[in-house]
Undergrad: 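Right, I'll just put the structure down here and ask away after.
Computed from a prediction, not measured in an experiment: that's the story for all the values here. First listed ligand is number 1; within each ligand, the first listed atom is number 1.
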Amino acid sequence: MSKSTISIFGLGHVGLTFAVCLAHRGFQIIGYDIDEEKLQCIMSGKAPFYEANLDELLAAVIRMKRIQLTNNPQDAVSNSSITFVTVDTPIKPNGSVDLSSLAKALQAIGQGLRRKNNWHLVVIRSTVPPGTCLKVIKVLEEYSGKRAGADFGLCFNPEFLREGNAIEDIMNPDRIVIGEYDSMSGEALEEFYKQFHGEKLPLIIRTSLTNAEIIKYANNAFLAMKISFINMIANLCEKLPGADITEVAKGIGLDRRIGLSFLNAGVGWGGSCFLKDLKALIYVAKENGLDLPLVEATISINDEQPLKLIELARKLLGTLENKRIAVLGLAFKPGTDDMRNAPSIKIINKLLDEKARVVVYDPRALHNARKIFGDKIEYAVSSIQCIQGADCALIVTEWPEFKELKPEHFIKNMRTPCVIDGRRIYDPKEFEGKIKFAAIGLNQLKHE
Ligand code: UDX
């Protein structure tokens, strides 16, 4: 069966990675974005942002002529049978979601639908507050002059991509969630995914539009809650003689009802999605007269968590004034240069407040750190250069190269060898007795 032509509105992280994966598996793609510069960059075979393996795949599908880009949204709709909407839906300061990009895309799609004679499927993949898709139907009907169900279909199909793992997450998702306006829409999207995944079709869940919208938010809230939960227990472990969160997390994570993933204690979660989606969930609940105390606690625990590292530093060093502190890791997680909501930002700001001299290193994110901190801090080009002459080293992101560092490296290069492990990458037994060492979720009494 020949594969259909798919149009994709919005070529950011979600849209471009999806477009490239579809093209790689034989679909013809028409990509649309309002940003001309972005279109040109993509056409030259280079993604406008870093994502593992994306540039290679993009260059290959461009060579195979599987991706066309256009600045004419109506044409994109006319010449395809399914349109995925992957525009940005950022958060406003009051916690509500800014749906202006979605509104613009829907207007253009509606106008494109007006010109079409055959049934067309519109799939919203941007994260939107529950209830949005029911409003989308009306907007599309208004701009197209056509009827949902009869002339076009609508699905909400959330993505669950992790930055740095997006290609793998698209190619092999745990499940596919399809929220559908009617069964014809759901069936068309299920058929599309059957073509995309072939023999390795993941479990597909078909449900209402609103359920699928809630699933996306609740999914992120649950993951963030798991991390905040383990960080809360980690903070308790630090107070109790002989306690160590890594062993506690293993002990509970092996309960199959709980699971080991997302139980790594540390300086807290960051990134572009969790905080935005949790705040939006709280906002939607408030609009409906409900509080979500568990989600609120998830955020407030996380707000405090980066500062736990500073508390540990103070315990080992006393005052931080004029101490040279090496910060190893700036990105919100390894494998990315992204510093949005990164715990490193709070940690560095606090160190500066305490008048410490801060030197930082990250294998990918230094350029982003420069934009935030300018000349308030020093930038090193390697982990060894970063720790040289330092009074304390803070592990903030668990990059693999930091795991290679041994007590001897710290002893040889630091002024006073002292490590505070904010991501639990080191075995305390290897460090204790050799240098000053502390870690999130590790009781100090045992390891001093
Ligand atoms: C997340 C969701 O995983 C993804 O499904 C959603 O679509 C977007 O948000 P991402 O932000 O890329 O993805 O990062 P993720 O790998 O989930 O990590 C989020 C944060 O949690 C990172 O700061 C990470 O360091 C932290 N984390 C994760 C922990 O502190 N402990 C853990 O056990 C796991």
Undergrad: Backbone, side chain, both or neither: what part of R424 comes under 4.0 angstrom of ligand 1, heavy atoms only?
TA: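 The answer is neither.
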
Undergrad: L366 and A380: which non-hydrogen atoms are nearest, and at how many Å?
TA: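 L366 and A380 have their closest heavy atoms at CD1-O, 3.3 Å.
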
Undergrad: Tell me, please: is G270 in heavy-atom contact with ligand 1, that is, under 4.0 Å?
TA: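 Yes.
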
Undergrad: Do the side chains of K403 and E398 get close enough for a salt bridge, i.e. N-O under 4.0 angstrom?
TA: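 So K403 does not pair with E398 through a salt bridge.
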
Undergrad: Determine whether a donor-acceptor pair (N or O, by modelled atom type, separation under 3.5 Å) exists between the side chain of N157 and the backbone of R125.
TA: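 Here the side-chain-to-backbone pair does not exist.
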
Undergrad: Does ligand 1 have an atom under 4.0 Å from some heavy atom of E159?
TA: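 Checking ligand 1 against E159, which is what was asked, there is a heavy-atom contact under 4.0 Å.
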
Undergrad: Determine, for E304 against K346, whether the closest basic-nitrogen to carboxylate-oxygen distance falls under 4.0 angstrom.
TA: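 Salt bridge flag = no for K346 with E304.
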
Undergrad: May I ask you to list the atoms of ligand 1 that are less than 4.0 angstrom from any heavy atom of L263?
TA: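 Reading through ligand 1 atom by atom, the close ones are 33 (O).
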
Undergrad: In the protein, which heavy atom is nearest to atom 19 (C) of ligand 1, and how far is it?
TA: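 Going atom by atom, the protein heavy atom closest to atom 19 (C) of ligand 1 ends up being F274 CE1, 3.6 Å.
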
Undergrad: Looking at atom 5 (O) of ligand 1, what's its closest protein heavy atom, distance included?
TA: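 Minimum-distance protein heavy atom for atom 5 (O) of ligand 1 reads F160 O, 3.1 Å.
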
Undergrad: Can an N or O of C273 be found at a distance shorter than 3.5 Å from an N or O of ligand 1?
TA: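 Between C273 and ligand 1, no N or O pair is found under 3.5 Å apart.
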
Undergrad: I'd like to know whether L320 forms a side-chain contact (heavy atoms from CB on, under 4.5 Å) with L317, so could you lay out the CA-CA distance, the side-chain angles of the two residues, the decisive distance to 0.1 Å, and finally the verdict.
TA: CA-CA 7 Å; L320 300 182; L317 299 179; 3.9 Å; yes

Undergrad: Please report which non-hydrogen protein atom sits nearest to atom 18 (O) of ligand 1, along with the residue it belongs to and the distance in Å to one decimal place.
TA: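 Result: K333 CD, 4.1 Å.
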
Undergrad: Rounded to the nearest 0.5 Å, how far apart are CG of L254 and NZ of K250?
TA: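 Nearest 0.5 Å value for the CG-NZ distance: 7.0 Å.
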
Undergrad: Side chain, backbone, both or neither: which part of V267 comes within less than 4.0 Å of ligand 1 when only heavy atoms are counted?
TA: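 Contact part for V267 vs ligand 1: neither.
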
Undergrad: When you look for heavy atoms under 4.0 Å from ligand 1, do you find them on the side chain of K216, its backbone, both, or neither?
TA: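 Just the side chain.
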
Undergrad: Should the pair E354-R314 be classified as a salt bridge under the 4.0 Å nitrogen-to-oxygen rule?
TA: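 Salt bridge flag = yes for R314 with E354.
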
Undergrad: Please report which non-hydrogen protein atom sits nearest to atom 3 (O) of ligand 1, along with the residue it belongs to and the distance in Å to one decimal place.
TA: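 Protein heavy atom at minimum distance: R162 CG, 3.5 Å.
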
Undergrad: Looking at atom 30 (O) of ligand 1, what's its closest protein heavy atom, distance included?
TA: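 The answer is R423 NH1, 3.3 Å.
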
Undergrad: How close does the nearest protein non-hydrogen atom get to atom 33 (O) of ligand 1, and which residue and atom is it?
TA: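 Ranking protein heavy atoms by distance from atom 33 (O) of ligand 1, first comes N264 N, 2.8 Å.
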
Undergrad: Taking 4.0 angstrom as the limit, do D244 and R424 come out as a salt bridge?
TA: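 Between R424 and D244 there is a salt bridge, with a charged N closer than 4.0 Å to a carboxylate O.
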
Undergrad: Charged N to carboxylate O below 4.0 Å: is that the case for R206 and E180?
TA: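 So R206 pairs with E180 through a salt bridge.
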
Undergrad: Considering heavy atoms of the protein only, find what lies nearest to atom 7 (O) of ligand 1 and give residue, atom and distance to 0.1 Å.
TA: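 Checked against all protein heavy atoms, atom 7 (O) of ligand 1 sits closest to L161 O, 2.9 Å.
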
Undergrad: Closest non-hydrogen protein atom to atom 20 (C) of ligand 1, residue and atom name please, with distance?
TA: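 Nearest protein contact, heavy atoms only, for atom 20 (C) of ligand 1 is W269 CB, 3.6 Å.
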
Undergrad: Using a 3.5 Å distance criterion without hydrogens, assess whether the side chain of D421 forms a donor-acceptor pair with backbone atoms of I395.
TA: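 The answer is no, because no donor-acceptor pair under 3.5 Å joins these two groups.
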
Undergrad: Is there a polar contact, in the sense of an N or O pair closer than 3.5 Å, between G271 and ligand 1?
TA: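 Checking ligand 1 against G271, no N or O pair falls under 3.5 Å apart.
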
